[in-house]
There are 2 protein chains.
Amino acid sequence: MLTNTEENYIKAIYHLSVDNKTVRTNAISEVMNTTPASVSDMLKKLSDKSYIHYEKYQGVSLTKKGKTEALQVVRKHRLWEVFLVEKLQFNWDEVHEIAEQLEHIQSKLLIERLDNFLDHPTSDPHGDPIPNAKGEMPVLRQVLLSELEITIKAKVMGMKEHSPAFLQYLDKLGITIGSSVKVMDRVVFDASVELKVNDKKTMVVSHEVAKNILVSPID
Amino acid sequence: MLTNTEENYIKAIYHLSVDNKTVRTNAISEVMNTTPASVSDMLKKLSDKSYIHYEKYQGVSLTKKGKTEALQVVRKHRLWEVFLVEKLQFNWDEVHEIAEQLEHIQSKLLIERLDNFLDHPTSDPHGDPIPNAKGEMPVLRQVLLSELEITIKAKVMGMKEHSPAFLQYLDKLGITIGSSVKVMDRVVFDASVELKVNDKKTMVVSHEVAKNILVSPID
DNA sequence: AAATAAATTTAGATTAACCTTAATTTTTGG
DNA sequence: CCAAAAATTAAGGTTAATCTAAATTTATTT
Ligand SMILES: [Mn+2]
Ligand SMILES: [Mn+2]
Ligand SMILES: [Mn+2]
Ligand SMILES: [Mn+2]
């Protein structure tokens with residue numbers, strides 16, 4: 001059985017894995033808030049337990065076994081977030097830290113009962129997909145708002161950034177999951193986006209903001 | 001902030017504290033499943049942090065601060081047990097281990113929202129009282145079934161023993177919280193109890209069983 | 001292709017929570 | 001009251017997870 005720390009490392013490696021590139025020690029140390037030396041220690045351990053492929057100085061990737069574990073932790077994290085928002089009336093910017101703890105509770109039965117209680121949600125309050133009990137992740141084709149073609153209407157599906165500051169800003173703008181958005185124009189100078197939200201409100205958001213909003217074009 | 005282990009020790013000391021007697025090292029080691037030597041180590045630490053009064057060889061007692069902490073952990077444990085039984089359809093003999101983990105989740109807000117979601121329950125699935133947010137424990141006057149006067153009708157309020165084996169046996173006997181019980185007779189030889197449950201079923205339970213059932217006489 | 005910089009690993013420590021074995025201290029019952 | 005038993009503490013170690021500082025490897029720049 002994995003310790004909480006091992007689970008956190010494996011989850012971090014999972015989240016850092018994009019397009020088959022290996023995940024580097026320094027990148028892990030950054031998201032884990034530890035030193036690269038501590039990461040090296042842990043990588044050796046995770047490699048010995050065959051959760052990761054590891055070649056010294058070359059970065060790591062998850063094994064099959066490691067990926068399975070990662071997906072279970074992600075599943076738990078996201079289901080608990082749904083619980084906190086849907087049942088306990090938390091705001092979407094308040095749930096991450098608590099889910100960080102709850103994701104480590106060990107009980108297969110608990111998580112299946114929770115899933116059932118929540119009516120088998122497929123995405124969490126930030127729009128992130130929830131893997132099923134087998135660890136299969138629903139594949140959603142989504143585009144970044146920063147990449148959305150001009151004048152095409154789309155629906156907000158999720159956020160890449162989860163910090164309270166960002167989520168609260170979106171609350172203020174009136175942008176949430178399910179909102180409709182249409183890019184009216186792009187500012188050439190700084191790639192700011194002129195946006196119509198829910199067919200009424202027009203606003204300008206920075207490229208940085210647009211880069212963190214996932215949308216799906218409507219038909 | 002306390003570690004999970006410190007919380008578990010403090011809770012164990014709380015549960016072992018009865019009528020102002022100090023709690024002994026060996027008693028703690030037994031319920032914590034550790035060696036007396038490990039307990040000594042921890043007692044030194046908890047004393048340094050002033051959660052307990054500790055004189056070498058004389059046993060320990062909780063300080064005000066320690067008791068407050070203990071009551072918060074007990075509150076969390078019992079609220080989570082209610083959640084598991086009421087909302088996730090767990091049986092009362094399945095919840096203890098999971099609550100053992102959940103009781104350590106750190107978030108004041110979470111526990112108050114949970115309390116609210118559950119409609120401020122005053123006792124857990126085993127009949128144990130739930131301290132309120134201020135740490136005030138409802139005082140229930142209850143008698144052990146083994147002490148209940150003969151032919152007096154009483155209501156089952158809770159169980160002292162929480163092991164799955166015991167709770168499942170009660171399920172089989174049809175004795176649960178809220179059942180009415182009347183002691184028809186006591187066997188002098190071994191103090192077994194002849195019992196009428198819910199005004200119908202008559203059965204015999206051992207003294208050992210009767211000692212672990214808390215009842216409250218009906219008027 | 002060096003030389004410098006950046007990334008990573010190794011070495012050596014620290015802290016928490018354990019353990020085993022060996023003192024101590026307290027309790028008990030003859 | 002005192003010796004044996006029981007309880008408790010002390011000493012010395014282990015493992016997991018961390019750290020700092022130093023060494024090594026890889027990458028980048030002249
Ligand atoms: Mn976590
Ligand atoms: Mn999320
Ligand atoms: Mn616990
Ligand atoms: Mn209980």
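Order of the sequence lines fixes the chain letters, A, B, ..., with proteins taken first and strands second; residue numbering starts at 1 for each chain.
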What is the distance, rounded to the nearest whole Å, between atom [atom1] of [X] and atom [atom2] of [N]?
X: A:M42; N: C:dT8; atom1: CE; atom2: C1'; answer: 17 Å
X: A:L43; N: D:dA16; atom1: CG; atom2: C1'; answer: 15 Å
X: A:N26; N: C:dA6; atom1: CG; atom2: P; answer: 12 Å
X: A:D41; N: D:dT15; atom1: CG; atom2: C1'; answer: 13 Å
X: B:I52; N: D:dT8; atom1: CD1; atom2: P; answer: 13 Å
X: B:E30; N: D:dA7; atom1: CD; atom2: P; answer: 9 Å
X: B:Y57; N: D:dA6; atom1: OH; atom2: C1'; answer: 12 Å
X: A:K56; N: D:dA23; atom1: NZ; atom2: C1'; answer: 12 Å

**Side chains of B:H104 and B:N8, donor plus acceptor under 3.5 Å** =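 Result is yes, a qualifying pair exists.
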[X] near the nucleic acid: base, sugar-phosphate alone, or nothing, with a heavy-atom cut-off under 4.0 Å?
X: B:S40; value: base
X: A:T35; value: base
X: A:S38; value: base

**A:K49 atom NZ: more than 12 heavy-atom contacts under 6.0 Å** =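 Atom NZ in A:K49 is packed in, count exceeds 12.
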**Request:** Can you establish whether the number of heavy atoms outside A:E30 located under 6.0 Å from its atom CD is more than 12?
**Result:**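 Atom CD in A:E30 is not crowded, with 12 or fewer foreign heavy atoms closer than 6.0 Å.
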**Prompt:** Do A:K87 and B:F83 meet the cation-pi criteria used here (NZ or CZ under 6.0 Å from the six-membered ring centre, within 45° of the axis)?
**Reply:**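 A:K87 over B:F83 ring: no.
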**Message:** I want to confirm an ordering. Mapping B:R24 and B:M32 to their closest nucleotides on DNA chain C, which one lands closer to the 5' end?
**Reply:**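 Closer to the 5' end of DNA chain C: B:M32.
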**Request:** Tell me which nucleotide among D:dC19, C:dA16, D:dA16 gets nearest to the side chain of A:T3.
**Result:**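 Within the option list, the nearest is D:dA16.
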**Request:** Please check the phosphate of D:dA10 (OP1 and OP2 only) for any side-chain N or O of B:K44 closer than 4.0 Å.
**Result:**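 Checking B:K44 against D:dA10: at least one side-chain N or O falls below 4.0 Å of OP1 or OP2.
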**Prompt:** Hey, does the side chain of B:T25 come within less than 4.0 Å of D:dT9's phosphate (OP1/OP2), counting only N and O?
**Reply:**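 Checking B:T25 against D:dT9: at least one side-chain N or O falls below 4.0 Å of OP1 or OP2.
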**salt_bridge(A:E81, A:R78) N-O dist < 4.0 Å** =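 No, A:E81 and A:R78 are not salt-bridged.
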